[in-house]
Amino acid sequence: SGSSLDYSRPITDGGPGPSTITVPEKIPPHDLNYLSAKDIAIKVVPNNVVLLGSERPFKLFPEKTLELSVALPLAAPALRSATVIIGSQTFLLDVRDGKLVAGFPTPRITGTVINRLVLLYTDDNYDLVDFSFSLEDFGRIVDSDSKESLDNVRVTLSSWSKGVGESFFNAAVYHQKNPQTSSKNGTYSFLVPEGYYVLSATKKGYFKRKTAPFFAGGAINTTLSLTE
């Protein structure tokens, strides 16, 4: 039977850490004995944006809740322990609906965070998966001359594909609004699955700004400059 999840339950705590984190250029390779990449998924809660599976570090915002799930192969022996290390904290994985699941918040920092999933089995083998995410500031809309932040800007996100062009991105599926209105600090943010997108921004008294198609997975936080 499944157990309830505690999204902030570290079993060790390395403290808050520095305001930014620097990491090596290359992440160590996976060491898998029973798992394969398709057995592992990570998503943003409650947005349900699935992120794990890309070779590149995915982009997120600080203080977002993630859920890691692992489907164990039938051939795997019994587990001795199952943990995931997120930055300086280690979390236990619980059993839910036949899967191993851990919920955890992203750290309150910006920069790249290296993480490690470790499954230890009773036959003394193990599965080890390293993954990373980049924690980013929110996107901003600024005046092209003064560089001051602009509030009340209508920011619209479109999906883009070759041969079709732009189509409306249904952000409601991911528990977000589209279009958004920039905050008093000029900020906006989208969390999206991997794909190609176009951003546009409009405000009375300014020319409309529209980006070329770009690839994104996770956080969209492009700084857009508007010209009067």
Side-chain angles (χ1 to χ4, degrees), residues 16-23 25 42-52 54-66 87 105-113 132-228:
S19 59
T20 60
I21 292 178
T22 56
V23 298
E25 289 184 5
I42 190 166
K43 67 180 180 180
V44 184
V45 179
N47 307 103
N48 293 325
V49 176
V50 178
L51 297 169
L52 195 63
S54 173
E55 292 298 320
R56 62 179 66 80
F58 49 83
K59 298 199 303 182
L60 288 170
F61 299 113
E63 299 183 275
K64 290 290 185 180
T65 299
L66 302 184
T106 56
R108 191 184 301 178
I109 59 172
T110 56
T112 300
V113 181
S132 66
F133 47 74
S134 175
L135 297 179
E136 308 278 334
D137 290 324
F138 291 131
R140 288 181 65 227
I141 313 295
V142 300
D143 184 285
S144 60
D145 294 323
S146 68
K147 305 304 178 185
E148 292 183 357
S149 299
L150 295 175
D151 63 358
N152 292 317
V153 178
R154 182 182 174 91
V155 184
T156 303
L157 182 67
S158 300
S159 299
W160 182 92
S161 59
K162 188 175 181 180
V164 175
E166 295 177 41
S167 58
F168 179 73
F169 175 71
N170 187 7
V173 173
Y174 303 100
H175 300 271
Q176 300 168 78
K177 292 182 178 180
N178 185 30
Q180 297 181 8
T181 301
S182 64
S183 71
K184 64 180 181 180
N185 298 317
T187 60
Y188 76 94
S189 63
F190 289 100
L191 283 171
V192 298
E194 288 192 344
Y196 285 88
Y197 298 92
V198 173
L199 274 173
S200 62
T202 57
K203 180 179 174 67
K204 186 176 181 179
Y206 287 83
F207 289 103
K208 180 179 180 179
R209 172 69 192 279
K210 187 175 183 180
T211 69
F214 61 91
F215 181 85
I220 289 182
N221 64 336
T222 304
T223 296
L224 298 176
S225 298
L226 300 188
T227 303
E228 288 187 279

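We count residues from 1, following the sequence as given. The shown structure was predicted, so the numbers you read here are calculated from the model rather than taken from an experiment.
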Return the minimal non-hydrogen interatomic distance between [X] and [Y], and the atom names on each side.
X: Y188; Y: I220; result: CE1-O, 4.1 Å
X: T156; Y: P179; result: OG1-CB, 3.3 Å
X: L66; Y: V45; result: C-CG2, 4.4 Å
X: R140; Y: T187; result: CG-CG2, 4.2 Å
X: P107; Y: F133; result: CD-CE1, 4.1 Å
X: S200; Y: K208; result: CB-CE, 3.9 Å

Do side-chain atoms of [X] reach the backbone of [Y] as a donor and acceptor pair under 3.5 angstrom?
X: T110; Y: D137; value: no
X: T106; Y: K64; value: yes
X: S159; Y: G195; value: no
X: S144; Y: L226; value: yes
X: S182; Y: N152; value: yes

Rounded to the nearest 0.5 Å, what separation is found between the [atom1] atom of [X] and the [atom2] atom of [Y]?
X: T222; Y: E136; atom1: OG1; atom2: CD; result: 10.0 Å
X: E166; Y: W160; atom1: CD; atom2: CH2; result: 9.5 Å
X: L191; Y: K59; atom1: CG; atom2: NZ; result: 10.5 Å
X: R154; Y: I141; atom1: CZ; atom2: CD1; result: 13.0 Å
X: Y197; Y: S161; atom1: OH; atom2: OG; result: 11.0 Å

Legend entry - Name of the residue among N221, V49, N178 meeting side-chain contact (heavy atoms from CB on, under 4.5 Å) with F190: N178
Inset, instruction - Name the orientation class of the two ring planes belonging to Y174 and F169 (parallel below 30°, tilted from 30 to 60°, perpendicular beyond 60°). - result: parallel
Legend entry - Derivation of the side chain to side chain contact (heavy atoms under 4.5 Å, CB included) call for F138 and N185: CA-CA 10 Å; F138 291 131; N185 298 317; over 6 Å; no
Legend entry - Test salt bridge (Lys or Arg N to Asp or Glu O under 4.0 Å) applied to D151 and K203, K204, K184, the passing residue: K203
